[in-house]
Amino acid sequence: MTEKIQLKVEGMSCGHCVKAVETGVGDLDGVKSVNVNLEKGLVDVDFDHSKVTTESIKEAIEEEGYIVK
């Protein structure tokens, strides 16, 4: 079952930040797509809820050094 979430993320300021979040989240099994809006500080994720949890996605972002609100 595919699910979509939008997370508010603080601390992203450049293209490197976008790439780090896209890679960190995108590498999770079950994540279909990751779209980062740097200007608004938003991360949209499409994922298979049976393979990955929202909590795992948040943890992946935090492991890259950013704060999920």
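Basis for what follows: all heavy atoms, side chains included, without hydrogens, waters or symmetry-related copies.
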(request) Could you list the residues that satisfy side chain to side chain donor-acceptor pair (under 3.5 Å) with Asp46, not counting sequence neighbours? (result) Ser33

(request) Determine, step by step, whether Ile5 and Phe47 satisfy the side chain to side chain contact (heavy atoms under 4.5 Å, CB included) criterion, reporting the C-alpha distance in whole Å, the side-chain angles of both residues, the deciding distance to 0.1 Å, and the verdict. (result) CA-CA 8 Å; Ile5 58 168; Phe47 64 102; 3.8 Å; yes

All N/O donor-acceptor pairs, side-chain side in residues 49-63, below 3.5 Å, sequence neighbours left out:
residue	atom	partner	partner atom	Å
His49	ND1	Glu3	OE1	3.3
Ser50	OG	Asp48	OD1	2.6
Ser50	OG	Asp48	OD2	3.4
Thr53	OG1	Ser56	N	3.0
Thr53	OG1	Ser56	OG	2.9

Mind listing the side-chain donor-acceptor pairs of residues 6-31 below 3.5 Å, one per line with the distance, residues two or more places apart or on another chain?
residue	atom	partner	partner atom	Å
Gln6	NE2	Asp44	OD1	2.8
Lys8	NZ	Lys40	O	2.8
Thr23	OG1	Lys19	O	2.9

